[in-house]
Amino acid sequence: MISKILNNEKHIILISASLGLAAVLLMPYIWVGLLALVFISGVLLLEDKYLLSASIILFLVMTSDFAAIFRNYLNVVLILLLMFLYIKNFRLSFQSLLNFPKEINYLIVLTLISMLISSIFSIYVFASILVTLRQLVFFAIVYVLFSFISGKKMILNYLNSLVIVSIILGAVIFYEIFTKGIALYSLQTHSFTQFSGLYSNPNAVGLLLAVSIPLTFALVLIKRNEQSGSKYLYYWVFAFLVVVLLLTDSRASIGAVFISITFILWRLRRRYLKYLAGALLASAILIIIVPVLNKYFGIYFRVERIFENTRYQIWQMSFDIIIHNFLTGVGPDLFWTKIYTYLPVMLGSFEEHQIWWARSGAAHNFFLYKFAEMGILGLASAVYLFVIYFKMSFKAERMTKAVDKDYFYLSVAISGTGLGLLGRSLLEATSLISNGWITRDLPFWIVMISLAYLYKICNKPKLNAKLN
């Protein structure tokens, strides 16, 4: 009884101090104090799993594109929240972090070493080291999120957080279409509109969907035998996210989802592949013989730009950067500084403006990007990432198949997601290890830590009969 009173007193003191601080220091911005009160109340009243889920959602929804003024402050608050939750549950023990598979630890160490060496030999040493520290903070976030996974419910909680973010972004896109009357097709440019909602880049939305759609497909299979209405909800969510993906018109992400779903069907519902193949064949025939469909298919997928694409020029530039910076690269987040040193097009040309506009996408190829920025060790870390990913996911598939069907479905979906992202990585540089870019990399690493947990339980001496 006394401990409860003391706990209540602590809560009262904490809330009172927060209100006083807000009143004294933030009077012109009283809404900041109110938000602080809401945040503190949430920390005190909500369960940890909901706070972790909320953190993931806020990391991915409140981007710098949407809330540029508050993004950095929000990141600090969310990181402090994760630290608080970790200390609250594990104190200063690092035992839960030591449970991370050694293969991922090796990857993280290799990544950080490659970044540090590249930073030391770059022309902007201080800026590059700051980027390396940012990447270190990102990995710390990943470690903390992993430490809270103790079973199936927490994995599903994390994955559902990604689905919720996808639904929010999709809802914003539809809201824009219905309220602003945005045209799906532009007669002036003869192109389809690419929608991005809260993000400035439709490829960023496509990236998130390339992760969440295969996982939603697995959740559909997991929920299919339940009597509740949730199984029907996932069917609708899956269909909704596919429509949103088509609205982004992100070719790399559409291709990634196609690879992922095809693999999942091959592993779990092989008989449905013939229906998928039949539908694709019928669609291809219609597109070929119906001129209108042929025209709009070509416009939608921007077929005329396949052989005249800025990516080819960026790849040429990337190879030139690699040749002259083979060992250590140009430094983390410094690819853009070499654009005009190795520019393969004329100054003032349309292609030059396109390359400069696309500079945040770096080399538009994950392996070239790591090689150009971090040298040979960066390339090694990029290759090693996929080696350990598929080693763990395929082992998780084998070990869980006869033990727990839900875990087996998740393992297959994780393998399929990885295959899709591998295909996407040949056309886009971000989404895997992007110098600590939380919005881009967190979806993949949520999948990675889920896989890490499955891999760890598969390595237990006795994988018996029941997995929680």
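Computed over heavy atoms, backbone and side chain alike; hydrogens, waters and symmetry mates excluded.
Side-chain contact check for M448 versus V142: every heavy-atom pair is 4.5 Å or farther apart. The closest side-chain heavy-atom distance from S253 to T248 is not below 4.5 Å. Taking the side chain as every heavy atom from C-beta outward, V165 and F59 never approach each other to under 4.5 Å. Side-chain contact check for F366 versus F386: some heavy-atom pair is nearer than 4.5 Å. Side-chain contact between Y407 and I155: present, with at least one pair of heavy atoms (C-beta onward) separated by less than 4.5 Å. Between L385 and F444 there is a side-chain heavy-atom pair separated by less than 4.5 Å. With contacts defined as side-chain heavy-atom distances shorter than 4.5 Å, the pair L60/P443 qualifies. Contact of the L442 side chain with the L145 side chain is registered, since non-hydrogen atoms from C-beta on lie closer than 4.5 Å.
Remark: the backbone N or O of H364 is paired with a side-chain donor or acceptor of W315 at under 3.5 angstrom. Side chain of D441 to main chain of L432: a donor-acceptor pair is present (N/O by atom type, distance under 3.5 Å, no hydrogens or angles). Between the side chain of R424 and the backbone N or O of T430, at least one donor-acceptor pair lies under 3.5 Å. With hydrogens and angles disregarded, a donor-acceptor distance shorter than 3.5 Å links the side chain of N89 to the backbone of L85. With T417 contributing its side chain and A413 its backbone, the two residues share a donor-acceptor pair below 3.5 Å. The backbone N or O of S147 sits nowhere less than 3.5 Å from a side-chain atom of Y453 that would complete a donor-acceptor pair. Although no hydrogens or angles enter the test, the distance criterion places a donor-acceptor pair under 3.5 Å between the side chain of N294 and the main chain of I287.
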Apply the test side chain to side chain contact (heavy atoms under 4.5 Å, CB included) to residues L82 and S55: give CA-CA distance (whole Å), side-chain angles for both, the deciding distance (0.1 Å), then the verdict. CA-CA 8 Å; L82 292 177; S55 298; 4.1 Å; yes

Evaluate side chain to side chain contact (heavy atoms under 4.5 Å, CB included) for L219 paired with N160, printing each intermediate quantity in order. CA-CA 9 Å; L219 295 173; N160 280 318; 3.6 Å; yes

May I have the step-by-step check of side chain to side chain contact (heavy atoms under 4.5 Å, CB included) for V412 and F408, ending in yes or no? CA-CA 6 Å; V412 171; F408 175 61; 3.8 Å; yes

Please step through side chain to side chain contact (heavy atoms under 4.5 Å, CB included) for the pair L410 and L159, ending with a clear verdict. CA-CA 10 Å; L410 284 175; L159 299 185; 3.6 Å; yes

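Counting heavy-atom neighbours within 6.0 Å of K401 NZ, excluding the residue itself, gives a total of 12 or less. Heavy-atom contacts from other residues, nucleotides or ligands closer than 6.0 Å to OH of Y50 number 12 or fewer. Annotation: R91, atom CZ; neighbour count of heavy atoms from other residues, nucleotides and ligands within 6.0 Å does not exceed 12.
Between the side chains of N435 and Y369, at least one donor-acceptor pair of N or O atoms lies under 3.5 Å. A donor and an acceptor atom, one from each side chain of S381 and S114, are nowhere located under 3.5 Å apart.
Taking CD1 from I446 and OH from Y158, the interatomic distance works out to 6.5 Å, rounded to the nearest 0.5 Å. In this structure, the separation between CD1 on I388 and OH on Y384 is 5.0 Å, given to the nearest 0.5 Å. With values rounded to the nearest 0.5 angstrom, S434 atom OG is found 8.5 Å from L207 atom CG. Taking CG of N105 as the reference point, atom CG of L110 lies at 12.5 Å (rounded to 0.5 Å). F84 CZ to D48 CG: the interatomic distance, rounded to the nearest 0.5 Å, is 8.0 Å. Separating the OH atom in Y234 from the CG atom in L241 is a distance of 11.5 Å, to the nearest 0.5 Å.
In plain terms, the two heavy atoms of I457 and L454 that are nearest each other are CG1-O, 3.1 Å. Across every non-hydrogen atom of G170 and F240, the tightest pair is C-CZ, 3.6 Å. Residue S425 comes nearest to L422 through the heavy atom pair OG-O, 2.5 Å, listed as atom of the first residue, atom of the second, then distance. For the pair P214 and I261, the tightest heavy-atom approach, listed with the atom from each and the gap, is CA-CD1, 4.2 Å. Residues A396 and C458 approach most closely at CA-SG, 3.8 Å, considering heavy atoms. The minimum heavy-atom distance linking S161 with S53 is given by the pair OG-OG, 2.5 Å.
The side chain to side chain contact (heavy atoms under 4.5 Å, CB included) test with K370 singles out one residue from T111, V383, L379, N365, and that residue is T111. With W445 as the partner, the ring pair (Phe, Tyr, Trp, His ring centres under 6.0 Å) test is satisfied by one option alone out of F100, F139, Y143: F139. Tested against M115 for a side chain to side chain contact (heavy atoms under 4.5 Å, CB included), the candidates E373, M374, R134 yield a single pass: M374.
The aromatic rings of F394 and F390 lie parallel to each other, with less than 30° between the two planes, well short of the 60° mark.
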